[in-house]
Amino acid sequence: MKVAIVYGNNRKGSTYHCVEVVKNSLLEYGEVSFQEIFLPKDLSELCLGCFNCIIRGETLCPHSKQVSPIITSLIEADGIIMASPVYGLDVSGAMKTLIDHLCFMWIPHRPHPEMFSKVGFVISTAAGTGTSRTNKTMKKALDYMGVKKTYQFGVSVAASSWEDINKDKKRKIEKKLIKKARKFYHTTQNRNNLRSRLFTKLMFTMIKRMIKNYEDTNVDKQYWSNHGWLEKTKPY
Ligand SMILES: Cc1cc2nc3c(=O)[nH]c(=O)nc-3n(C[C@H](O)[C@H](O)[C@H](O)COP(=O)(O)O)c2cc1C
């Protein structure tokens, strides 16, 4: 099983260690390989809002050299973990920057067919508050790319580093993470049996109607047409 992990910071702190617990649990179940992406190390540029990716094609993104290998890792993976510390009550700026760079592959534009069979897992840590919103931001990004199911884990660690977390709290965090990791593993292994989400079906149907009315030269329309999605074919 292949798992792509996107870290919203380069720091090996609480968020990183939560993911380590998940990684170690997954390895107990079977052969799992990890493709790790650290932000902002692996994507250092902010989205410029040039619209090139959306209107002309993603290869024309000025940061395509950095974005393209990340997309390949996501597409090749069976499961995707997105992990971010809470900064200002939401994801880190680095994680948001990646999400911005991936908007062209949301259902309203050009979702990758492979994304519709993947399972996600979003993880966030905060000193006090903000994990619900942070997880929601990452989960929504996965939902809009077509991901079938996403697990969530958020925790207030009351600390600025993993080492400073109270021992009892750390034990509880590890226990909960191990439980979620087991679910993530089994769901990912059996993801072909998962039913498609109503959200995906409704969004796809709505966007299909919209795209049908676009000019034939529109990049999104050509993409949907090439996949047969403007007829009966569906990616899920
Ligand atoms: C710039 C910055 C902003 C932060 N904003 C919040 C916040 O809004 N809410 C909160 O509870 N903790 C906040 N924190 C604390 C971190 O979310 C928390 O310590 C987290 O566990 C750090 O993760 P890390 O150890 O993986 O770096 C912030 C920390 C930084 C550096």
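Every number for a ligand or one of its atoms is a count from 1 in the order of the listing. Quick caveat, the model's predicted, so the values are computed rather than measured.
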Can you report which non-hydrogen protein atom sits closest to atom 13 (C) of ligand 1, along with the distance?
V86 O, 3.3 Å
Nearest non-hydrogen protein atom to atom 25 (O) of ligand 1, with distance, is S14 N, 2.7 Å
Between D90 and K96, is there a side-chain N and carboxylate O pair less than 4.0 Å apart?
no
Name the closest protein heavy atom to atom 5 (N) of ligand 1, giving the residue it belongs to and the distance to 0.1 Å.
G88 N, 3.0 Å
Less than 4.0 Å between a side-chain N and a carboxylate O, is that true for D78 and K2?
no
Closest to atom 11 (O) of ligand 1 (heavy atoms only, candidates G93, G128, S160) is G128
Closest to atom 24 (P) of ligand 1 among protein heavy atoms sits R11 NH1, 3.4 Å
E231, CD: over 12 other non-hydrogen atoms inside 6.0 angstrom:
no
Looking at ligand 1, does any of its N/O atoms fall within less than 3.5 Å of an N/O of T125?
yes
Within the structure, does P85 bring an N/O atom to less than 3.5 angstrom of an N/O atom in ligand 1?
no
Could you see which bit of A159 sits under 4.0 Å from ligand 1, with heavy atoms only: side chain, backbone, both or neither?
backbone
Any idea which protein heavy atom is nearest atom 8 (O) of ligand 1, and the distance to it?
L89 N, 2.8 Å
Verify the neighbour count for atom CZ of R133: are there more than 12 heavy atoms of other residues, nucleotides or ligands below 6.0 Å?
no
Just checking, any donor-acceptor pair under 3.5 angstrom between side chains of D164 and S161?
yes
Pair S64, E58: side-chain N/O donor-acceptor within cut-off below 3.5 Å:
no
Identify whether the distance between the nearest side-chain nitrogen and carboxylate oxygen of E20 and K23 falls below 4.0 Å.
yes
Given the side-chain rings of W224 and Y214, with only the six-membered ring counted for Trp, is the space between their centroids under 6.0 Å?
no
Quick one: nearest non-hydrogen protein atom to atom 18 (C) of ligand 1, plus distance?
A127 N, 3.4 Å
Among all protein heavy atoms, pick the one closest to atom 9 (N) of ligand 1 and tell me residue, atom and distance.
T129 O, 2.9 Å
Judging by distance only, is a nitrogen or oxygen of T15 under 3.5 angstrom from one on ligand 1?
yes
What atoms of ligand 1 come within less than 4.0 Å of a heavy atom belonging to V157?
21 (O)
For ligand 1, which atoms sit closer than 4.0 Å to a heavy atom of N9?
24 (P), 26 (O), 27 (O)
Any side-chain heavy atom of R11 sitting closer than 4.5 Å to one from Y16?
no
Run the contact test for G130 against ligand 1 with a 4.0 Å cut-off on heavy atoms, strictly below, and give the result.
no
Neighbour count >12 (heavy atoms, 6.0 Å) for atom CZ, F51
no
Which pair of non-hydrogen atoms, one from S156 and one from A127, has the smallest distance, and what is that distance?
CB-O, 4.0 Å
Which of the numbered atoms in ligand 1 are under 4.0 angstrom from any heavy atom belonging to G13?
25 (O), 26 (O)
In terms of residue, atom name and distance, what is the protein heavy atom nearest to atom 31 (C) of ligand 1?
Y87 CE2, 3.7 Å
